[in-house]
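Worksheet for the structure shown next.
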Amino acid sequence: MINQAYIPEAVILAKGEYPSLPLPLQLLEEARYVVCCDGAANEYISRGRTPDVIIGDGDSLSPENRVKYADLIQHIPDQETNDQTKAVHYLQKKGVRNIAIVGATGKREDHTLGNISLLIDYMRSGIEVRMFTDYGVFIPIQHTQTFASQVGQQVSIFNFNAKGLRGEGLFYPLSDFNNWWQGTLNEATANEFTIHCTGEYLIFLTY
């Protein structure tokens, strides 16, 4: 069942708004391995923490941190991907397959949308990934799955290419909607719900 106790092998701190809610902060505090996307390291370091690696060219780092943590910076020159994706690929090459991403939303809306949509690509490459925000968690999914939930918990479903969408344990019926807003603001009616379909979709579960 999806959304049971989740313990990632590594956590990526992206360059959006630094998390403020207990769950994403706890993920950072308890992480076995932390990858910071370039300037995201500044805030992480200011809180008395040291990342395991910093992905990016270092231009967003403070001059002090750029010098002090120079040995942690991984320069990945690929201009066809963003730092979040570079961090995922870096971990993938290290054999990591279970990743949590925090700090990927907020600030610029175009970056937020891009970061969220990339979750499907990561799933396709064999990564189990979840993106934790200050409001809930995004999970990319393939095919029929059952999710742990709470009665009244809000659920949004964003369809990518799924067919035969049908739900159990949700307040509103599902269909093969082709516009993202059509699957938003649904609600769990039991302690679990199931989405039946063939194909790929993204869900957002509020805390």
Side-chain angles (χ1 to χ4, degrees), residues 1-16 19 23-24 27 31 35 37 55 80-106 109-149 153-170 174-186 188 192-207:
M1 183 181 294
I2 304 293
N3 210 38
Q4 298 284 28
Y6 184 74
I7 303 175
E9 297 173 71
V11 175
I12 295 171
L13 176 63
K15 294 186 291 186
L23 180 55
L27 284 168
V35 179
C37 294
I55 299 292
E80 299 301 315
T81 60
N82 64 5
D83 286 344
Q84 176 183 281
T85 299
K86 291 174 184 177
V88 169
H89 289 169
Y90 174 84
L91 290 169
Q92 194 172 21
K93 288 178 181 178
K94 291 177 67 68
V96 176
R97 292 293 181 272
N98 191 315
I99 299 171
I101 300 173
V102 300
T105 59
E109 289 82 358
D110 53 345
H111 289 174
T112 293
L113 286 171
N115 288 341
I116 293 169
S117 67
L118 282 164
L119 296 176
I120 292 289
D121 289 347
Y122 306 153
M123 176 184 67
R124 289 171 180 167
S125 71
I127 297 292
E128 181 181 349
V129 61
R130 302 185 187 188
M131 179 182 286
F132 293 84
T133 77
D134 278 340
Y135 301 94
V137 55
F138 285 99
I139 310 174
I141 301 292
Q142 286 181 317
H143 313 314
T144 297
Q145 294 285 355
T146 297
F147 304 83
S149 61
Q153 184 175 16
Q154 290 198 316
V155 181
S156 291
I157 301 102
F158 302 95
N159 189 16
F160 278 70
N161 56 33
K163 301 295 182 183
L165 274 164
R166 178 173 60 85
E168 293 180 41
L170 293 173
L174 304 183
S175 62
D176 292 355
F177 42 82
N178 54 23
N179 208 316
W180 277 18
W181 70 267
Q182 292 173 299
T184 60
L185 303 179
N186 213 318
E192 66 177 46
F193 65 89
T194 300
I195 296 176
H196 299 271
C197 72
T198 300
E200 301 168 326
Y201 55 103
L202 186 70
I203 72 162
F204 180 76
L205 299 169
T206 60
Y207 297 137

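Remember, predicted model here, so these are calculated numbers, not experimental data.
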Which value, rounded to the nearest 0.5 Å, describes the distance between [X] atom [atom1] and [Y] atom [atom2]?
| X | Y | atom1 | atom2 | result |
| --- | --- | --- | --- | --- |
| Asn159 | Asp176 | CG | CG | 6.5 Å |
| Met123 | Ile141 | CE | CD1 | 7.5 Å |
| Ile101 | Thr133 | CD1 | OG1 | 12.5 Å |
| Asn82 | Ile55 | CG | CD1 | 12.0 Å |

Is any side-chain heavy atom of [X] closer than 4.5 Å to a side-chain heavy atom of [Y]?
| X | Y | answer |
| --- | --- | --- |
| Leu205 | Phe193 | yes |
| Ile157 | Phe177 | yes |
| His196 | Thr144 | yes |

Can Asn115 and Thr112 be counted as having a side-chain donor-acceptor contact under 3.5 angstrom? no

Do the rings of Phe158 and Phe138 sit parallel, tilted or perpendicular, given the 30° and 60° boundaries?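 Ring orientation, 0 to 90° scale: tilted.
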
Any sub-3.5 Å donor-acceptor pair from [X]'s side-chain atoms to [Y]'s backbone N or O?
| X | Y | answer |
| --- | --- | --- |
| Arg97 | Gln92 | yes |
| Glu200 | Pro140 | no |
| Asn179 | Gln182 | no |
| Gln153 | Thr206 | yes |
| His143 | Gly199 | yes |

Verdict with supporting geometry, Gln84 and Met131, side chain to side chain contact (heavy atoms under 4.5 Å, CB included): CA-CA 11 Å; Gln84 176 183 281; Met131 179 182 286; 3.7 Å; yes

Could you walk me through whether Asp134 and Tyr207 pass side chain to side chain contact (heavy atoms under 4.5 Å, CB included), step by step? CA-CA 9 Å; Asp134 278 340; Tyr207 297 137; 6.0 Å; no

